[in-house]
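Naming convention: chains lettered A, B, ... in sequence-line order (proteins, then strands); numbering from 1 in each chain. These figures come from a predicted structure and were not determined experimentally.
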Amino acid sequence: MRAWLCRLGSVRALALGVVLLAAAGGCGSEEPAAPVRPRVLVLGIDGMDPARLHELMRAGKLPNFARLARDGAFLPLGTSIPPQSPVAWSDFSTGMDAGGHGIFDFLRHDHRTLAIAESGAEPKKPSRLLGIPIGGGGMVNLRHGRAFWEHLEERGIPATVCRVPANFPPVGRQARTFSGLGTPDMRGTQGWFTYYTDQPPTDADSFSGGAVVEVKVRDHVVRTELTGPPNLFCEDETPVRVPLTVFLDPERTVARIDVGEERVLLVPGEWSAWVRVAFPMAPLYAPLYAETGIVRFFLKSLSPALRLYMSSVNVDPASPAFPISTPPDAIREQSRALGLFHTKGMPVDTKALQWEVLDEGEFLLQALGVLEEEERLLEHELAGWRRRGGFLFFYFATVDQVNHMAWSAGDARHPAHRSEDSPALRGAMPLLYREMDRILGRVRDRLDADTTLIVMSDHGFAPFYRQAHVNTWLAREGFLALFDPGEIEGARLQEDVDWLRTRAYAIGFNGIYLNLEGRETMGRVSARNRESVLAEIERKLLAWRDPVNGKPVVRRVYRPGAVYSGPLVDRAPDLILGYARGYRGSNRTALGEFGRVEIEDNLDRWSGDHMMAAEEVPGILLMNRPVKSPHPRLVDLPVTILELYGIPRPPEMIGASLIRE
Amino acid sequence: MNRILAAVFAAVLAPLGAVGPWLALGVLSLVTAVVMLLVFRLVSNQAGIRRAKARVVGQLLAIRLFKDDPWMTVRGLGGALRENLGYLRHALFPLLVMMVPVGLILVHLDPWFARTPLQPGAVTRVAVVVAPGADRSLPAVELHPSDTGAYRVETPPLRIPSLGEIDWRVRVEGAGSSELRFSVDGKTFAKELVAGTGMPRVNAVRSRGLLGALLYPGEPTLEGAPAIREVVVDYPAREFTVLGLSMPWWLAFFLLTLVLAFLLKKPLRVEA
Ligand SMILES: [Zn+2]
């Protein structure tokens, strides 16, 4: 464009200019001559469980899975240690274990301050000039190692990787990649609903993952605010707030939500489409610079109370405020074709169900809406992949997230099971498996004979009946001392622990750490004593019995040196807990807190889980060709994918090919 | 007069729309630039402008020549400023003259460029704005279902007394132009609804009276049904992206016209 501006001066150049300008407004298209072969398609279904899959297949409910198993292979897939999604998917992406990629848990912590943060990405403060951000800001992906698609793109093989977890910010140069689990919303959280109501619930103060905004209806109008992302131009990063107005019909039959330029009419019980919201943030005259996000509304009721749910403010795929794809334009291209869709990782709002802001039916409807969007995205990517050829990975989040919440409804032995649970939630898991079967069928019908199809999950699922407060157990066993042992419930590692008398503590979902000299601030265990303390804890963990039923709580205790390889082994927890089926570390443990007793019932709606011993929760592997290994593992998959393109196993990858004897 | 203009614009833009919004805007900017330059040449004092420009240049030259003499520099600057005002005086009248046609052009082009038609399957808000009664009660306006299946009314009427407005959510079912049909107190009235693709004329507002005719020339003004002030349909805004910056159509049109007028000044021998 600049080139022609310099050359103008004659009427002839002018005509050219008009034509160029018109072309700039049109659309470009670039397509390779012939699709690259072989084609490889991997469908990743987070949390799909082999036992349940097998059961439903045998019952004849999943014809397409059954056909794939019959024509090819169906095996349990060895998962990561520990079986947490960010760890497992990092194993898949890099072909290394956590000792190589450095993602050991959902959470990481600072050994000196015990401050907790998400393990996948780290925000970097931008450098500022006169308060104006001039660069250097954004997020840093903390996963180490090279993803397998980086080997593909290096060889010129077209690769598309949609929403694989622990890939935020996404890595890749030529490869089209879209970030998934780990992608925050505009406020920087992993999920934050807003509940506008004139009759707030009594437990509103204890909400996590969302907030209640109490509103007043005056003259059939509610004037409130929508809280958006932090303002880049404020050094304290105050969130940008935009006005939100709700007009209620005097008869309370319908309402209109005004935000920015948008006017959305809803009747009670309706979901809105995605609504784009602009957040003006420029200094002096705010509209000069705005970031946009997208939200969905659900109008629960207008009478007797106004109850309006609003989703997390997702990044706008048409104009992302931070990179969620490579190349950065790929997400805009998706949006040009498909309009608006969720972009946040963990798109199903489990917190809203937990706090009963959404009821079971509403929650399920939201989850099915997410699945519908996932399917539309898959359809779009399949079309591009058929033209380009090469590699395509596509990720589904719904099965995992719904299983977490629906387990107790379908399991009468679960402490959180309630007879009044809706039949919809009870049937949610089989329903989602059937939905995945339908999608698999649609995909399979359109594959060439020479396409390799892999359907896999990162881990399976198990009940989460009883929660273990590991710090409480460590205190009882004498490894950890509190200043006031009588005040154990709700105590916190940072404030209430006598570190001079403490040898070990638990933080994260599966980790135990020694209070090590030279590492922790008041380290008490010397390098010389390290092994004997670890052996003592390990022995006692394996002897730990649930006082209620006498069952073992811990099935396996892993030593990082034995289960990890790679340069980052020394960042691992000192012991990794592999819980027995039915048991899991409590949320309090993960946050470095204490419970009243060592083990108690899990009465939460979050009632199914997989952060146990790896042996308890293998994932699934289905392939439309024979699998040569009797015990395939996640780390074998990237090696196999590279092998399909004739790329030898990179030395850092620890798996083996599944298609070679 | 306005109706005739609307018909003229329709005759030009209906085929022009087929080439896409950017090319259509480019051609219209080109025509506007040429017409503006010719009008400017006609109504302005060309010799006066030339002289005024020469004087400004003379004063600037003086500043350069006596740049070691602060007094002369200040005098030169003052002179340049004075002559510049003289130049502006010559340019001002023609600019004022041109504001009228430019305003008319903007009003008439707006329905073609500002909005895109609704996609079949999309939902939109339809609003009837009424003159409120003394007690702020709203008349019982009814939006009738489409008898051609062009749209579906999805919500009951939403009455907003504080805005004097009644809203509905309408889902567009088919492509092309259709009529939303309303009634109030036994009288009927209608509003055009445009769906589909391409660049048809999309009128967002149907209004009444002289001002309504002036501002919204695309649709005839409302007759009868005196309680109804106007009918509004929300349409998606059409965005124009220039060097990565998206802007409303009129800004793109202004920029394009300005650039073209600047480039065409010499070939058309216009002093400006
Ligand atoms: Zn999970």
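- If you measure heavy-atom distances from A:L266 to chain B, the contacts under 4.5 Å come from both the backbone and the side chain.
- For a residue to count as touching a neighbouring chain, one of its non-hydrogen atoms must lie under 4.5 Å from one of that chain's; by this rule B:D234 touches chain A with the side chain only.
- Contacts of B:E239 with chain A are absent, with no heavy-atom separation under 4.5 Å from either backbone or side chain.
- Closest non-hydrogen pair, A:L248 versus B:L158, comes out as C-CD1, 3.8 Å.
- Atom CZ of B:R171 sits in a crowded spot, with more than 12 heavy atoms from other residues, nucleotides or ligands closer than 6.0 Å.
- If you measure heavy-atom distances from B:P21 to chain A, you find no contacts under 4.5 Å at all.
- Using a 4.5 Å heavy-atom cut-off against chain B, the contacting residues of residues 254-262 of chain A are A:V254, A:A255, A:R256.
- For B:P157 against A:D249, the heavy-atom pair with the smallest separation is O-OD1, 3.3 Å.
- At most 12 heavy atoms of other shown residues, nucleotides or ligands fall within 6.0 angstrom of atom CZ in B:F262.
- Contact annotation for B:L163: only side-chain heavy atoms (C-beta onward) come within less than 4.5 Å of a heavy atom of chain A.
- Proximity to chain A is limited to the side chain of B:I160, based on heavy atoms less than 4.5 angstrom apart.
- Atom CZ in A:R263 sits 7.5 Å away from atom CD in B:E165 (nearest 0.5 Å).
- Put simply, the side chain of A:H220 does not reach to within 4.5 Å of the side chain of B:R159, judged on heavy atoms.
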